[in-house]
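Excluded from the calculations below are hydrogen atoms, water molecules and symmetry mates; all remaining heavy atoms, backbone and side chain alike, are included.
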Amino acid sequence: MNRNLESKIYETDFYRMEEDMKKQLKKNRVITEILQKLEEDVNFEDAVESILKIVGEYLELSGIVVSKMISEEPGFSVIRRWEADGQGGDIDNISKLSSADLPPVAEAVTVMRAEDASGKQKIFMDKCNVKSMMAVPIMLNNAPAMFAIFIEKEKEREWDKETYDFVLDVCKMIQSILYKRVSKNSLVSSYNALKEILSNIGSAVFVIDKYSKDILFANEIALRMSGKNLLEKKCYDFFHNGYNEFRCKSCNPHRTGEYFEEVYNEGRHQWQEIKFTDISWVDGREVSLCVVTDVTEKKKYQQRIEFQANNDFLTGLYNRMRCEEDLEICIRKSVETKKQGLLLFIDLDDFKNINDGLGHQYGDMLLRMISMKLQEISEIEKRCYRVGGDEFIVIIEPEIRDKASDILKRIKDMFASPWYLNGTEYYCTMSMGIVEFLGDSQDVNDLIKKADIAMYDAKRGGKNQCVYYNRGEDITIEENLNLEKNMRYAVSIGCNEFEIYIQPIVNMKTEKCIGGEALVRWNSGKLGFMSPGQFIPMAENLGLITPIGEYVLKQACMVNKKWSDMGHDMRLNVNLSIIQLLRPDVVDTISEIMEKTGVKRSNMVLEVTESLAINDMGRMKEIIKDIKKLGVRIALDDFGTGYSSLNYIKKMDMDIIKVDRTFIKDIVDDDYAQAFIKLITELSAVLNAEVCVEGVETIEQLQTLKSTNVSMIQGFYFGRPMPVSEFEEKFVGL
Ligand code: C2E
Ligand code: MG
Ligand code: MG
């Protein structure tokens, strides 16, 4: 090769190299410029506009259009365009095209020349006066979101490999700006929307980064609740004030997924529901969304409902339902520990009298007073229940079984002292049935039933006592129900299943019969023969004692009238229940019966009991006075039992005092009993009352009494209660 040629080649090569380098440098400069635009925090459209200008000038194109496909006409919406100087005009036609004229959307790059074009592409190129073009889709989420169309108008253009690659690179950059903008926008807009929503939900809301425990977001209420700026604080900064031991979910690795807890915040005096949910935060981080809602009102309502369900409205004690639940637990404990527990079933004696006599508000007051007193016994404070009108249950748990006798004593003492109602003292006794759980039963209902049976035994035994359940003789609830049903029936058909027996009463000095006491018997067609102890308590509870008592009085009056008609004026005592006595029409009823039967009133003695003492003395005094005005005598029955009050005899103006038979039982050797009888006779003499002694069974008892001023004797020694005809035969002489 000659040197010239050589140098020529060399020159040419050098020149080309130089050209290439220049080109490369220019390209690098362009790319740097574009990258700078990418870094600038301008909006997408402005960034695109700058890039188009740089690229267009560099490639010496006629124009570039970035447009997106839209659903409405014209189908193309130009986002930004660039044109070389003096070459514009036709590009604008793009936006005038109708969608029908648009070439089909291609996901691939399309390079086209006017001479090769056909169909829609040709129309498009003609209308825009384009000789050559390259259309590149800009993809977002795997679909073309826009097109960048690089246009040449003047001359045919070679879209060489280099240009082609460059154009694709540029489009990738535009794509990356677009992606950034879209994701940033959605981030901002979703954050704003979330903020808006979370600020308006009425609960405190904050978001905790699960790993760093940073609070990333907190709404207004959360800020107010914690009283400080929570951002840049940790989750436990929120849960420090008044939350005691509460540990939030993020701090407790055992809590996963959704979790909620109701917590009492002492600082705010508030019940709060704290709920955690795992979510992805707007920036993709894993967070716990914590929602704290004030549920105090709901909680209060719940507690009220619970209280109403568990407690007795009147006394505030737990009710029967709660009793059964607690008993179940206590029985289980008892079985586990093999220790006995006790169930006490308490029924107030003659509570009806307080209600009828003083009115319900005083009855209610008494129930409340009793309930309060029961709860004062600390061992059973939470184990007292009101299970019925005047029925209470007390559970003595196995662990305090050794204190049972002390507790029992304290309950008994409660009823031994008077209650103050309406400014006056009232006595109210109770009958108690006691069962052992474990020993007597391990079933809730069965235990209550057995305690109830024992309580009825206590009533039958004369009330005011505690009776242990006796496994031998079961009078079941069913039997009681049966008794009630039959008694109601017997009354409904006119009481003629009831019959009076008469027990003689004799003059102590002469030992001659001066009369007798009418004592009722029930010859039930279904249940057989029954003595008063078996049915009077229930008759009183059911109020059936009124018709039965009236029937007895009528029978007694008729019998006495018959005797006096035949010339035998004898006394006849009739028992009057307190229930009858408290009826407002009691005087009229007695008067009417006496009127109708025509009995000689001076022959009749009405026996009332000392349980009167629990009632309003003033009112009783009036009633007794009114009854006495009818011309009958009044006897105070069973004196010495219950709450004997000498003051009472004085105030009540009694004609006869009947000393209870418990005093006579041991009178022969009991100095106290003798002294008591002596005292009563002396007092009665002052009050102008006669004394009758009940329960004389032996000649020794009679002889001991002979040394006293007792005027009348009643007892098996002279005769048991007997049918009227027998009495008439033996003592009236008919
Ligand atoms: P009460 O009025 O004190 O009647 C006396 C009771 O003592 C009678 O029992 C009688 O049988 C019993 N008794 C009499 N003498 C002796 C004796 O020497 N030894 C023993 N161990 N007992 C003796 P009864 O008939 O079972 O009556 C029991 C109670 O039932 C009566 O006690 C009375 O409170 C009540 N009761 C009876 N009849 C009526 C009635 O018609 N109306 C009302 N409201 N109560 C009645
Ligand atoms: Mg009597
Ligand atoms: Mg008596």
Side-chain angles (χ1 to χ4, degrees), residues 416-418 424-427 429 462 464 503 505-511 514-515 517 571 573-576 578 581 602 604-629 631-697 700-715 717-718:
S417 31
T424 319
E425 286 186 5
Y426 290 89
Y427 281 92
T429 60
N464 190 26
Q503 183 179 28
I505 297 173
V506 300
N507 177 303
M508 191 184 69
K509 290 212 172 80
T510 63
E511 290 184 28
I514 56 146
E517 178 177 359
R571 288 190 193 176
N573 293 19
V574 176
N575 294 282
L576 214 57
I578 183 80
L581 213 57
S602 54
M604 298 307 288
V605 180
L606 297 178
E607 296 189 5
V608 297
T609 60
E610 260 199 300
S611 59
L612 286 183
I614 64 160
N615 280 284
D616 189 342
M617 269 224 200
R619 179 161 170 229
M620 270 305 132
K621 198 176 163 182
E622 287 305 306
I623 295 171
I624 303 274
K625 210 165 93 191
D626 289 346
I627 295 177
K628 284 183 74 163
K629 273 193 205 147
V632 296
R633 263 178 268 230
I634 298 282
L636 179 64
D637 204 357
D638 304 337
F639 185 74
T641 60
Y643 302 98
S644 309
S645 155
L646 297 174
N647 189 29
Y648 188 80
I649 317 176
K650 194 174 114 197
K651 279 202 173 153
M652 286 301 158
D653 194 15
M654 293 288 159
D655 299 296
I656 301 156
I657 289 151
K658 296 186 75 177
V659 177
D660 192 74
R661 65 172 185 267
T662 48
F663 284 91
I664 311 309
K665 233 171 96 210
D666 305 315
I667 187 113
V668 181
D669 333 282
D670 186 346
D671 294 343
Y672 172 77
Q674 285 173 23
F676 179 79
I677 305 266
K678 202 162 164 269
L679 177 75
I680 295 303
T681 49
E682 281 166 11
L683 182 76
S684 304
V686 178
L687 296 170
N688 209 13
E690 297 172 280
V691 174
C692 173
V693 167
E694 299 181 273
V696 176
E697 295 181 350
E700 291 80 20
Q701 287 169 334
L702 177 66
Q703 269 157 5
T704 312
L705 288 166
K706 286 277 183 180
S707 61
T708 67
N709 277 333
V710 167
S711 51
M712 289 170 279
I713 306 267
Q714 180 180 354
Y717 179 73
F718 294 104

What is the distance from atom [atom1] of [X] to atom [atom2] of [Y], rounded to the nearest 0.5 Å?
X	Y	atom1	atom2	value
Lys678	Asp671	NZ	CG	12.0 Å
Ile657	Met712	CD1	CE	10.0 Å
Thr704	Asp666	OG1	CG	11.0 Å
Lys706	Lys509	NZ	NZ	9.0 Å
Arg633	Met654	CZ	CE	14.0 Å

Quick one: does [X]'s side chain get under 4.5 Å of [Y]'s, heavy atoms only?
X	Y	answer
Ile713	Gln701	no
Met652	Leu687	no
Pro418	Tyr427	yes
Glu517	Ile505	yes
Ile634	Asp653	no
Ile677	Val691	no
Glu682	Val686	no
Met508	Asn709	no

[X] and [Y]: which non-hydrogen atoms are nearest, and at how many Å?
X	Y	result
Cys692	Ile656	CB-CG2, 4.1 Å
Leu606	Leu576	CD1-CD2, 4.1 Å
Arg661	Gly695	CB-CA, 3.5 Å
Glu511	Phe718	OE1-CE2, 4.0 Å

Checklist entry - side chain to side chain contact (heavy atoms under 4.5 Å, CB included) between Ile623 and Met620: does it pass, once the steps are laid out? => result CA-CA 5 Å; Ile623 295 171; Met620 270 305 132; 4.0 Å; yes
Item to check | Gln674 side chain to Val668 backbone, donor-acceptor under 3.5 Å | outcome: yes
Next on the checklist: Under the criterion side chain to side chain contact (heavy atoms under 4.5 Å, CB included), I'd like the reasoning laid out for Ile667 against Ile664: C-alpha separation, chi angles, the key distance, then a yes or no.
Outcome noted: CA-CA 5 Å; Ile667 187 113; Ile664 311 309; 4.2 Å; yes
Checklist entry - Just wondering, more than 12 heavy atoms not from Lys625 lying within 6.0 Å of its NZ? => result no
Checklist entry - Can a salt bridge be assigned to the pair Asp670 and Lys665 using a cut-off of 4.0 Å between side-chain N and carboxylate O? => result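 Judged by the 4.0 Å cut-off on N to carboxylate O distance, Asp670 and Lys665 do not form a salt bridge.
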Next on the checklist: Before you tell me yes or no, could you show the steps for Asp655 and Glu690 under side chain to side chain contact (heavy atoms under 4.5 Å, CB included), namely the whole-Å CA-CA distance, both residues' side-chain angles and the distance that decides it to 0.1 Å?
Outcome noted: CA-CA 6 Å; Asp655 299 296; Glu690 297 172 280; 5.6 Å; no
Item to check | Aromatic ring pairing Phe663/Phe676, orientation class (parallel under 30°, perpendicular over 60°, tilted between) | outcome: parallel
Item to check | For Glu694, the option from Asp660, Thr662, Val659 that meets side-chain contact (heavy atoms from CB on, under 4.5 Å) | outcome: Asp660
Next on the checklist: Under a 3.5 Å threshold, yes or no: a donor from one side chain and an acceptor from the other, between Gln503 and Asn573?
Outcome noted: no
